[in-house]
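I have placed the structure first, in the form of structure tokens, so that the comments after it can refer back to it.
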Amino acid sequence: MTIILLSAISFVIIVVGVLGFIGNYFYNISINPKTERPFFDNNPDLSLAVPAMQMGEQVEKDREAAKQWVEQALHTDVTLTSYDGLKLRGYEYRQEQASARWVIIAHGYMGYGKQMAVPSMKFHQQGYNVLLVDLRGHGESEGQYIGMGWHDRLDMVGWINQIMNHDSNAEIVLYGVSMGGATVMMTSGEDLPSNVKAIVEDCGYTSAYDEFSYQLKRLFNLPSFPIMTASNAVVNLRAGYDLKEASALDQVAKSKTPMLFIHGDADTFVPYEMVQQLYDAAQVEKDLFIVKDAGHGGAYLAGEAYWNKVWAFTNKYMS
């Protein structure tokens, strides 16, 4: 009996040790911002478009102009102390003439604020003051882990409040792509002030757990169980949140803010099917814009059609 008991205990210890090792490994390649990710290099799922979709000449000109604009246009570095004490960095591009219109722009996974040059320039041309933010653990912002939009949603609330402290009449749009899209959706479920008039999300995921489960199968051909269970336990321990709790799906269901959902139908990084689930869950004024042949983050390659859709939606809610 003693031998059997010792064997059982030894087996449990080995299993826990193996699962702990696996959980830490996948934590590091998914949530630790300092880890290299070679499987992202030349990843076809990150292609902006399939061959059938050509980048128009005007879109290409806009991209080049925006890269210069975001660096050269007059702007101010700003900071925010997060609810948990991190120093977060943002970049304000204000209008020359006073404007109550604001947009807060959130970037994607492993990106940074100024990477969002095209939407920044486009919104500024529409008369918005632009606030680009480096999400926690990205760019110049502090943070030892990637929030996947969940803790970032509270940071976004902090940025909203900071704008309103300077201008109580501010009318604010939230705009985000990929993880930034998930971030603004997760923000939508919070108790937001009426100053937040509309949200535009582009290719965000339903939840961090869903996205990592999908990538586990896509990149490594591995099942969700037990790897995601072990990884989620490590995320809870090291980052202080649960991947299932980090749910844009649950948050949009609570939202009171009008929302535009955008996705490319050729997206295989954040699967196209997720956008319909998100759209269906939203119980607010909403619209859905699907861009044919656009890959992950590539919907804006539709050019004028993309931005006309954004302005048609947001202008309905702005003074």
Side-chain angles (χ1 to χ4, degrees), residues 22 25-64 66-67 106-112 114-119 135 137-139 146 148-149 175-183 185 201-224 227-228 231 243 246 248 261-279 288-303 305-306:
I22 292 172
Y25 173 79
F26 282 101
Y27 173 91
N28 283 323
I29 65 171
S30 59
I31 302 297
N32 186 340
K34 298 180 175 62
T35 303
E36 292 186 7
R37 293 165 171 82
F39 47 83
F40 272 17
D41 297 338
N42 302 314
N43 186 332
D45 288 348
L46 293 173
S47 175
L48 295 178
V50 298
M53 187 184 193
Q54 300 296 322
M55 185 190 302
E57 183 178 344
Q58 186 58 50
V59 174
E60 194 162 3
K61 286 182 179 178
D62 284 347
R63 280 179 20 135
E64 292 307 311
K67 288 178 184 178
H107 61 78
Y109 184 79
M110 296 306 295
Y112 53 92
K114 288 185 178 181
Q115 199 174 45
M116 304 295 285
V118 171
L135 299 176
H138 293 76
I146 298 171
M148 296 306 296
Y175 174 94
V177 176
S178 191
M179 188 180 79
T183 296
M185 286 190 286
E201 81 82 20
D202 185 337
C203 64
Y205 40 80
T206 50
S207 75
Y209 192 94
D210 291 344
E211 177 61 13
F212 283 140
S213 295
Y214 171 82
Q215 290 296 336
L216 192 62
K217 177 67 175 177
R218 185 84 178 172
L219 291 173
F220 303 101
N221 199 29
L222 291 172
S224 177
I227 295 172
M228 283 302 301
S231 300
L243 294 173
F261 298 85
I262 301 173
H263 222 99
D265 70 357
D267 192 341
T268 52
F269 190 78
V270 173
Y272 161 64
E273 294 76 17
M274 285 187 176
V275 73
Q276 191 65 55
Q277 299 175 54
L278 291 160
Y279 179 80
L288 177 63
F289 184 52
I290 304 301
V291 179
K292 183 175 173 55
D293 297 327
H296 187 62
Y300 82 98
L301 298 182
Y306 180 98

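What's counted below: heavy atoms across the whole structure, side chains too, no hydrogens, waters or symmetry copies.
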field: Minimum heavy-atom distance Ala106-Met116, with the two atoms named
entry: O-CE, 3.7 Å
- prompt: Side chains of Phe289 and Val275: closer than 4.5 Å at any heavy-atom pair?
  reply: no
message: Which residues pass the salt bridge (charged side-chain N to carboxylate O under 4.0 Å, His left out) test with Asp45, not counting sequence neighbours?
response: Arg218
Spacing of CG belonging to Asn28 relative to CZ belonging to Arg37, to within rounding of 0.5 Å: 8.5 Å
query: From Tyr27 OH over to Phe212 CZ, what is the distance, rounded to the nearest 0.5 angstrom?
result: 10.5 Å
message: When you compare the side chains of Asp202 and Tyr306, does any donor N or O come within less than 3.5 Å of an acceptor on the partner?
response: yes
Check: Ser47 side chain, Ala49 main-chain N or O, donor-acceptor pair, under 3.5 Å: yes
query: Do side-chain atoms of His263 reach the backbone of Val270 as a donor and acceptor pair under 3.5 angstrom?
result: yes
query: Which value, rounded to the nearest 0.5 Å, describes the distance between Phe26 atom CZ and Ile31 atom CD1?
result: 12.5 Å
query: In Å, rounded to the nearest 0.5 Å, how long is the span from OH of Tyr109 to CD1 of Ile146?
result: 4.0 Å
- request: State whether the number of non-hydrogen atoms from other residues, nucleotides or ligands found under 6.0 Å of Lys61 atom NZ is greater than 12.
  value: no
statement: For Glu201 and Gly181 the tightest heavy-atom approach is CB-O, 3.8 Å
task: Flag the pair Ile290 / Tyr272 as yes when at least one side-chain heavy-atom distance between them is below 4.5 Å, and no otherwise.
output: yes
- prompt: Which value, rounded to the nearest 0.5 Å, describes the distance between Leu216 atom CG and Leu222 atom CG?
  reply: 5.0 Å
message: I need the Ser30 OG to Leu243 CG distance, nearest 0.5 Å.
response: 7.0 Å
Minimum-distance pair of heavy atoms, taken over all atoms of Tyr205 and Met179: OH-CG, 3.2 Å
message: So which atom in Met53 and which in Gly298 form the shortest heavy-atom distance, rounded to 0.1 Å?
response: CE-O, 4.0 Å
Non-hydrogen side-chain atoms of Pro271 and Glu211 separated by less than 4.5 Å: yes
- prompt: Between Arg63 and Glu60, is there a salt bridge with N-O shorter than 4.0 Å?
  reply: no
- line: Scanning both residues in full, the closest heavy-atom pair of Ala266 with Val50 reads CB-CG1, 3.5 Å
statement: Closest non-hydrogen contact found for Phe40 with Leu46 is O-CD1, 3.9 Å
message: Are more than 12 heavy atoms, taken from residues, nucleotides or ligands other than Asn42, located less than 6.0 Å from that residue's CG atom?
response: no
From CA spacing to verdict: side chain to side chain contact (heavy atoms under 4.5 Å, CB included), Cys203, Phe269: CA-CA 9 Å; Cys203 64; Phe269 190 78; over 6 Å; no
field: Derivation of the side chain to side chain contact (heavy atoms under 4.5 Å, CB included) call for Asn43 and Leu219
entry: CA-CA 9 Å; Asn43 186 332; Leu219 291 173; 3.7 Å; yes
